[in-house]
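All heavy atoms count here, side chains included; hydrogens, waters and symmetry mates do not. Here the structure is a predicted model, which is why all the values come from computation and not from measurement.
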Number of protein chains: 2
Amino acid sequence: MTISEIAKLANVSIGTVDRVLHKRGRVAPETVEKIMTIVNDYGYQANTFARNLKLSKNFHIGVLIPMLHSEFGYWNLIYEGILKAAKELSPLAVSIDMVEFDRSKPENFMNTAEKLLIKKPDAILLAPVLPDAAREFLAKYNEMDYAFIDSPLPDMFPVSTVVQNPFRGGYLAGRMMNLLSPQEGTYITVQTHKAAYNSSERARGFKTFFSNKKGYRNIELEVQLTDGGIELLENAYREYSDIKGIFVVNDAVHRIANIIALLGRKNQTVLIGYDLIDQNRKAMLCGQVDCLLSQRPDFQGYTAIYQLYRKGILNQMPDPTICVPIDIILPENLEDERSTIIPQEALCIPRNK
Amino acid sequence: MTISEIAKLANVSIGTVDRVLHKRGRVAPETVEKIMTIVNDYGYQANTFARNLKLSKNFHIGVLIPMLHSEFGYWNLIYEGILKAAKELSPLAVSIDMVEFDRSKPENFMNTAEKLLIKKPDAILLAPVLPDAAREFLAKYNEMDYAFIDSPLPDMFPVSTVVQNPFRGGYLAGRMMNLLSPQEGTYITVQTHKAAYNSSERARGFKTFFSNKKGYRNIELEVQLTDGGIELLENAYREYSDIKGIFVVNDAVHRIANIIALLGRKNQTVLIGYDLIDQNRKAMLCGQVDCLLSQRPDFQGYTAIYQLYRKGILNQMPDPTICVPIDIILPENLEDERSTIIPQEALCIPRNK
DNA sequence: TAAGGTTGCGTTTACGTTAACGCATTAGTG
DNA sequence: CACTAATGCGTTAACGTAAACGCAACCTTA
């Protein structure tokens, strides 16, 4: 079914059909009805190729995420997924542009974010780790499509939100801790950004798992990544002689693992952390980390870009929220958990090369 | 960069450029070189929209998988992923057609498979659970693009193979078993299709995990789904009084779980199985199953369709093998493991319907 | 009633690619 | 030397959509 077939059936020209389909007015009501009846009966759908050819639309996505090196590779994994999607979608006129912001300086967010707008994106992919700043920014450019990644921002209307449930992640960490170290004792939760939604929810989940278990104590520590936190942990071991396990709520677990190894406490302490960044993979391979949970950051980035593309180019209804499963990684399945999404090459065939 | 821009730069017509790009001959060698230099220097890439509009290619994928109801829902999950991809890709001129075959009757495979060819597919998605039959079929239609799902077929040249490593899955099941039930004793592996590659590899992986552990005995049982296998298991419990756990290598675990419950042996037996089909989810919710591994069948189906589409429509180089991570599902993360891929709605906007 | 505006519709061009067609010029053959 | 064949190239018509443009016919208002 094409526009000209409809035109023929309705005894009008394609211009008239087009005006009806795009509600550009200047068509007699009876004609509108006649055309709409045909359109509905035959189930017309615009040809995506023709449509995009004519519009020579190029769909530009602005990506706004924390500085890639501000943490230990988590944001890099997200960015890799984003890049992979962008490569695949480049022949479909999708392009991206990234700006990194400093999550420790909310006051700079707006300035940084506005750099993104210079390139006039058609949509924005945003990690709302600074909720207030993100809200302010989106309110200012409220006509723009946007998607969230890493964490949600309630009461907003994104095209899509790609996240993982951090509470259940923490709860599952509790369960894994209990499997890996069934004994009673003290279990420590380590956070680095206490304000971060994901971090605090994971800590809460972990705590909840142990809350109805007698004999299990849960202590929360906040370690500053700058000073390394050696003394803090040393003190903890001094204060609580029965420390059996540590759950680090983010990708910094390899740092804590190092400290535990330095303190010579690894053999009494089970370590569980988050995210399969390189350092954590290595830490697991050399036995410093026992279990990792993963929120599949590459998949999150990849998926979020695809959602925006589907809305922008294909005119499809995206999935409003995509909840990423929680991966459990043990040394036994570590090697299978290499990135699913960023393998070999996804470039165009050099057709005529 | 478009063809006409190249033509202008080379002082030739677009027809000549097209002949060079498509190697249709009848162009002077110097002209070819001149044009190719420009193409390479400027990095020309054909506009996908224009290309597909002109070709009005519609890319039809034939899907050839075992009967959806021959097992307990695993193939249905795969099919759901396939359908989701097909829906998303329908505006890009991708369509699919499925034919189910009876994996217990290899001799019928060729007949069934040829039904698929009536619709003249441009590519085939195939689960090579009957290796010899699949080889024979593909040899006969050797010009066709194809992808494998569920299991590989060595020495073939598919567009892509989307699978999971079954040995490591079995090995990981061993590790989980050891966590959930650390005691020494007898651990049983249950298979239903002994010939199936995935099944036997998983059994081997499980056995390997326990092979260097003193005090742990591994027994293999083959249960026929038809007779239910009650006696077989009853006998096993009689023969080995120290049965501590059972690993079912496929989605039939809920059936075995039922039997164990009937025999009143659940409290002494840890049950680990495969795949998050509905019955297994229910069995886990009511405590009959302790742990499930998942090969993300929906993701496999979805991904494989996308690989074929990328090759066929976008002219991209697909990822030759995609190895799906092994999911570990415990009651604690069961709810997060609802299908990532088949959520809400991914339909086209009822544009004009 | 003439000038100007509005309404309803058809026509046309353009997007970039593909491939058929056509037309010269040259090469090969009897 | 005429006659066909091959070579090298330009021209053109699609593919389906979008939107500018143009043109009647009718309606206002001075």
Side-chain angles (χ1 to χ4, degrees), chain A residues 1-36 38-39 42-59 90-94 122 312-315 348-353, chain B residues 1-36 38-39 42-59 90-93 312-315 348-349 351-352:
Chain A
M1 188 99 260
T2 70
I3 273 194
S4 67
E5 287 178 285
I6 295 172
K8 218 169 283 169
L9 284 169
N11 274 318
V12 294
S13 74
I14 59 161
T16 306
V17 177
D18 183 65
R19 251 167 277 134
V20 171
L21 289 177
H22 295 84
K23 299 185 179 150
R24 286 194 277 121
R26 301 187 52 151
V27 185
E30 319 89 69
T31 314
V32 172
E33 202 186 346
K34 187 165 57 174
I35 292 175
M36 286 314 291
I38 297 172
V39 163
Y42 290 78
Y44 168 78
Q45 277 190 223
N47 179 312
T48 306
F49 296 123
R51 173 171 222 275
N52 285 283
L53 173 60
K54 179 62 185 90
L55 295 176
S56 37
K57 199 195 266 183
N58 87 325
F59 191 68
S90 72
L92 299 175
V94 174
D122 305 288
I313 300 271
L314 299 183
N315 262 314
C348 298
I349 286 184
R351 282 269 274 344
N352 316 304
K353 228 180 164 176
Chain B
M1 187 97 264
T2 71
I3 272 194
S4 68
E5 287 178 284
I6 295 173
K8 219 169 283 171
L9 284 170
N11 273 318
V12 294
S13 74
I14 59 161
T16 306
V17 177
D18 183 65
R19 253 168 276 133
V20 171
L21 291 176
H22 294 84
K23 299 185 180 153
R24 288 195 276 120
R26 301 185 52 153
V27 185
E30 318 88 72
T31 314
V32 172
E33 203 187 344
K34 187 166 56 174
I35 292 175
M36 286 315 291
I38 296 172
V39 164
Y42 289 77
Y44 167 79
Q45 277 187 225
N47 179 312
T48 307
F49 296 124
R51 171 171 224 274
N52 286 281
L53 173 61
K54 178 62 185 95
L55 295 177
S56 39
K57 202 195 264 184
N58 88 324
F59 191 68
S90 73
L92 299 175
I313 300 269
L314 300 184
N315 263 314
C348 299
I349 284 184
R351 274 258 209 40
N352 312 302

[X] side chain near [N] phosphate (N/O to OP1/OP2, under 4.0 Å):
X	N	value
R51(A)	dA18(D)	yes
S13(A)	dT11(C)	no
T31(A)	dC9(C)	yes

statement: Among dT17(C), dA14(C), dT18(C), the one nearest any side-chain atom of K54(A) is dA14(C)

message: Checking contacts here: which listed nucleotide (dG16(D), dT11(C), dT18(C)) is nearest the side-chain heavy atoms of H22(B)?
response: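 From the listed options, dT18(C) comes nearest.
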
- prompt: Just by modelled atom types, is the I14(A) backbone N or O under 3.5 Å from a matching donor or acceptor in the D18(A) side chain?
  reply: no

task: Taking K57(A) for its side chain and A93(A) for its backbone only, find out whether a donor-acceptor pair lies under 3.5 Å.
output: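 Pair absent, no side-chain N/O of K57(A) close to backbone of A93(A).
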
Starting from [atom2] on [N], measure out to [atom1] on [X] and report it in whole angstrom.
X	N	atom1	atom2	answer
K23(A)	dA19(D)	NZ	C1'	18 Å
R26(B)	dT25(C)	CZ	C1'	12 Å
I6(A)	dA18(D)	CD1	P	11 Å
I3(A)	dT11(C)	CD1	C1'	15 Å
R19(A)	dT7(C)	CZ	C1'	11 Å
L92(A)	dC15(C)	CG	P	20 Å
L21(B)	dT17(C)	CG	P	9 Å
N47(A)	dT17(C)	CG	C1'	14 Å

message: Under 4.0 Å, heavy atoms only, any strand: does S56(A) hit a base, just the sugar-phosphate, or nothing?
response: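 Touches nothing.
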
- request: For I14(B) and for V32(B), find the nucleotide of DNA chain D with the closest heavy atom, then tell me which residue's nucleotide is more 5'.
  value: V32(B)

- prompt: When the nearest nucleotide of DNA chain D is assigned to A28(B) and to L55(B) on a heavy-atom basis, which residue is associated with the more 5' position?
  reply: A28(B)

message: Assuming nearest nucleotide by heavy-atom distance, tell me which of R24(B) and L53(B) is located more 5' along DNA chain C.
response: L53(B)

- request: Please tell me if the side chains of I313(A) and N52(A) come closer than 4.5 Å, counting only heavy atoms from C-beta onward.
  value: yes

- prompt: So do the side chains of L9(A) and M1(A) get within less than 4.5 Å of each other, counting heavy atoms only?
  reply: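 With C-beta onward as the side chain, the pair touches.
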
- prompt: Considering residues, nucleotides and ligands other than E33(B), do more than 12 of their heavy atoms fall under 6.0 Å from its CD?
  reply: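 No, because the 6.0 Å sphere around CD of E33(B) holds 12 heavy atoms or fewer from other groups.
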
